[in-house]
Amino acid sequence: MHKSIDCGDLRLEHTGQTVTLAGWVHRRRDHGALIFLDLRDRSGIVQVTCDAQNAAAAHEILNAVRNEYVIQVTGLVQPRPAGLANPNLPTGDIEVQATGAAILNEARTTPFYINEDSDVDEALRLKYRYLDLRRPAVQRNIILRHNVVKTIRDYMADQGFMEIETPVLIKTTPEGARDYVVPSRVHPGEFYALPQSPQQLKQLLMVAGYERYFQIARCFRDEDLRADRQPEFTQLDVEMSFIEREDIMGVIEPLYVRLIEQWGSKPILRKPFPVLTYAEAMAKYGSDKPDLRFGMEFVDLSGLLADSGFGVFSAAVAAGGQVKAVVAPGAAGYSRKQLDDLAEVARRGGAKGLVSIAYRDEGPRASAKALTEGEVAAIAAAAHAGAGDLVLIVADASAAVVAKSLSELRLLLGRQLGLIRADAHALCWVVEFPLLEWSADEQRWSAMHHPFTSAMDEDWDLLESDPGRVRAKAYDLVMDGWEVGGGSIRIHRRERQAAMFRALGIGPEEAEEKFGHLLEAFEYGAPPHGGIATGIDRTVAILAGTPSIRDVIAFPKTASATDLMFRSPSSISPAQLRELHLAVTE
RNA sequence: GGGGACGUAGUGUAGCGGUUAACAUGCCGGCCUGUCAAGCCGGAGAUCGCGGGUUCGAACCCCGUCGUCCCCGCCA
């Protein structure tokens, strides 16, 4: 070992000990004959002093070091002189008086600061990711991630789950996201696909009788990126046999409580986590991943305004649609420009317009003149809007448009008005998702979760008569408005699976070709089973308080799915192409 | 595929049609024994992302392009 103790571990109790440290020069304060040096390793920072009179040789060496040099220092741990302790440093009560020093490696001037939390162009950070990862703030995130994953593994094992690895080279799946694909050298013209998740594999492990499986699993989806989406990401993948929905929730909820209480810095607003049905979540928040750190629930005015003289409202209701509102507390003073911006947000959600009523001290002001005084007063009563509040109303024949528009408005106003509690986490379960959703593009029903999801027992009969009304045994875990997990109870009987494929318009031959292995497996005694997968990257990002999962991934990709350090993807040699039986066409 | 923002010394920014492109910090040199964003003195460092156009004159205006970020589509 090049060191006898870690920098960040030194305390008063080590006083009088001679220690050897090794690390990076974090910062240097040169007073000529006296040099102060902050030495940093993974554990933290400690101040080293070196006095030219007492340690001439060491002083000469430390005089030459610069930021980020890798050095070794031997010295005596001493309490700081009275009044000179640094309360900002865990090691601030002591310092190490160097008696010997060695330069283990020099360092070029870094392209950005390692020793301060300044904003740096992200492209530069990614190009020099190994330096970015050296910055204490980034290092904290990576360490947090390790701790979270460690806690997950310990917890899952304690709960009787086995971690089993599944292949990364597997097979393309027809449903779902675009696959990443790997050409086969041995089988010309054939390809593996990287798993979008180990979905079928974990179900097969249930057939195989492992009963409780988990995996910290890498998943791959070739879709466009977002702040919360990377082409490869990590899930806690879980599957259990002989269970119902509540059993999965009963495993995952205590895990998330533990992760937050052990590694987070904020309390959980509500325990146990509220359970909302999909229908409730859409009705109250217009979203299947509602941010419950604030209120602003929607108010349904459809009944109240069905016969309104304002045609937009009555027409929406007559067309089977809705008129709904949110109350922005204290926003009655919003300017024309601010209201225009809100209307633009509503339009992005599909709404044709936005009606606002500002309940000002001098009287309410409605953007729709056709509303009567009585209606304006009734709306205030129904929405519990008082003086100073702004009511925003969206009407549309489509409930989805109303939901999306109002949801965007709710989130924007929640942020603008400071209503979102930044000092706490709010988690909830969303259950009873629709089993199917209509794909306008393909003119067919498609699985909302995936094709192996079971319908709720009482809804199976609707599958042929009214597919859109069938609810699934599916559930999402939502944290602070992020979808952090999702799962379902699976279909484990072949005839149910066949009915599902029929509903999806997948014929017996196609089903056999694409899912034959799974269907056959189900004929050999598949237990009732179900599972969930939660996003490790998202979970850690929320715990770290960062808006992007890139901040909790050691080597993330850019928005265009490139790696700026490796410069990948990259072309391959003609020889490699030939070997893989590939030709590049453009 | 679409929309938006950004791109100026190593880094972070200012400059938005007219002197030698400014400030902070970092870097280099000198001084300095109690600093912890040390201080003081001096110095070097920019083909203003790239290409084209408008203009007497472009970092600045226009077009294109590349890159990064955010959003929509997409993400069972």
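Quick note on labels: first sequence line is chain A, next is B, and so on, each numbered from 1.
Nucleotides B:rG45 and B:rU55 place their P atoms 36 Å apart, quoted to the nearest Å. Straight-line distance between the C1' atoms of B:rG73 and B:rU13: roughly 35 Å, to the nearest whole Å. For the P atoms, the distance linking B:rA22 with B:rC16 amounts to 14 Å, nearest Å. With C1' as the reference atom, B:rC48 and B:rU20 are 16 Å apart, rounded to whole Å. When the P atom is used for both B:rA14 and B:rU8, the distance is 10 Å, rounded to whole Å. B:rG4 and B:rA21 have their C1' atoms separated by 29 Å, with the value rounded to a whole Å. Rounded to the nearest Å, the gap between the P atom of B:rC69 and that of B:rC60 is 25 Å. B:rU65 sits 16 Å from B:rC6 when the C1' atoms are compared, rounded to a whole Å.
By the 6.0 Å contact criterion, CZ on A:Arg469 is open, its count of non-hydrogen atoms from other residues, nucleotides or ligands being 12 or less.
For the pair A:Ala123 and A:Glu437, both in contact range of RNA chain B, the more 5′-proximal nearest nucleotide belongs to A:Ala123.
The distance from atom CG of A:Asp222 to atom P of B:rC75 is 12 Å, rounded to the nearest whole Å. A straight line from CD1 of A:Ile549 to P of B:rC70 spans 10 Å, rounded to a whole angstrom. Rounded to whole angstrom, the span from the CG atom of A:Leu131 across to the P atom of B:rG10 amounts to 17 Å. Per the geometry, NZ belonging to A:Lys557 stands 13 Å off P belonging to B:rU68, to the nearest Å. Counting to the nearest Å, the P atom of B:rG3 and the CZ atom of A:Arg347 are 19 Å from each other. As rounded to whole Å, 14 Å separates atom C1' of B:rG12 from atom CZ of A:Arg125. One can place CD of A:Glu122 at 16 Å from C1' of B:rU11, the figure rounded to the nearest angstrom. Here B:rG2 presents its C1' atom at 14 Å from CZ of A:Arg348, a figure rounded to the nearest Å.
Residue pairs meeting the ring pair (Phe, Tyr, Trp, His ring centres under 6.0 Å) criterion with at least one partner in residues 118-142 of chain A, sequence neighbours excluded, do not occur; the list is empty.
Summarising the base pairing, B:rC28 is matched to B:rG42 through a Watson-Crick or G-U wobble pair whose two defining distances lie under 3.5 Å. The partner of B:rC23, taking Watson-Crick or G-U wobble pairs whose two distances both stay under 3.5 Å, is B:rG12. With a 3.5 Å ceiling on both atom-pair distances, B:rG73 lacks any Watson-Crick or G-U wobble partner. In a base pair of the Watson-Crick type (N1 to N3 plus N6-O4 or O6-N4) or a G-U wobble (N1-O2 and O6-N3), with each distance short of 3.5 Å, B:rU33 is matched with no nucleotide. Pairing for B:rG67 goes to B:rC6, judged as Watson-Crick or G-U wobble with the two contacts each under 3.5 Å. Using N1 to N3 plus N6-O4 or O6-N4 for Watson-Crick, or N1-O2 and O6-N3 for G-U wobble, each under 3.5 Å, B:rU47 pairs with nothing. Across every strand in view, B:rG18 sits in a pair with B:rC56 that passes the Watson-Crick or G-U test at under 3.5 angstrom.
Scanning all heavy atoms of the two residues, the minimum distance from A:Cys7 to A:Asp41 falls at N-OD2, 2.9 Å.
Remark: the A:Arg221 side chain and the B:rC75 base include no donor-acceptor N/O pair separated by less than 3.5 Å. A donor and an acceptor atom sit less than 3.5 Å apart, one in the side chain of A:Arg226 and one in the base of B:rG73. For B:rG73, its base sits under 3.5 Å from the side chain of A:Asp224 at one donor and acceptor pair at least.
Counting non-hydrogen atoms under 4.0 angstrom, A:Ser118 reaches nothing in the nucleic acid. Contacts of A:Leu124 with the nucleic acid, taken as non-hydrogen atoms under 4.0 Å apart, involve only primed sugar atoms and P, OP1 or OP2. Looking at heavy-atom distances under 4.0 Å, A:Arg108 makes no contact with the nucleic acid at all. At a threshold of 4.0 angstrom between heavy atoms, the contacts of A:Leu564 are confined to the sugar-phosphate backbone, with no base atom among them. No engagement by A:Ser439 is indicated, since no non-hydrogen atom pair under 4.0 Å with the nucleic acid exists. Across all strands shown, A:Lys404 has heavy atoms under 4.0 Å from sugar-phosphate atoms exclusively, and none from any base. Counting non-hydrogen atoms under 4.0 angstrom, A:Thr453 reaches nothing in the nucleic acid.
For A:Asp224, the side chain to side chain donor-acceptor pair (under 3.5 Å) test picks out no residue, with sequence neighbours left out. Taking the salt bridge (Lys or Arg N to Asp or Glu O under 4.0 Å) definition, one finds that A:Asp179 meets it with nothing, sequence neighbours left out. Taking A:His450 as the reference, A:Phe452 meet the ring-ring contact (aromatic ring centres under 6.0 Å, His included) condition, with sequence neighbours excluded. By the salt bridge (Lys or Arg N to Asp or Glu O under 4.0 Å) test, A:Glu464 is found to be paired with A:Arg502, residues two or more places apart in sequence or in another chain being considered.
Between A:His59 atom NE2 and A:Thr49 atom OG1 the span is 10.5 Å, to the nearest 0.5 Å. Atom CZ of A:Arg347 sits about 14.0 Å away from atom CD of A:Glu408, to the nearest 0.5 Å.
A sub-4.0 Å separation between OP1 or OP2 of B:rU68 and a side-chain N or O of A:Thr562 is present. Distances shorter than 4.0 Å separate none of the side-chain N or O atoms of A:Ser548 from OP1 or OP2 on B:rC69.
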Protein-to-nucleotide contact annotation, 5' to 3' order, nucleotides 25-40 of chain B [B base; S sugar-phosphate only; - none; under 4.0 Å, heavy atom]: BSSSS--BBBBBSB--
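Checking A:Ser568 against A:Ser570 by side-chain atom types alone, no donor-acceptor pair falls below 3.5 Å.
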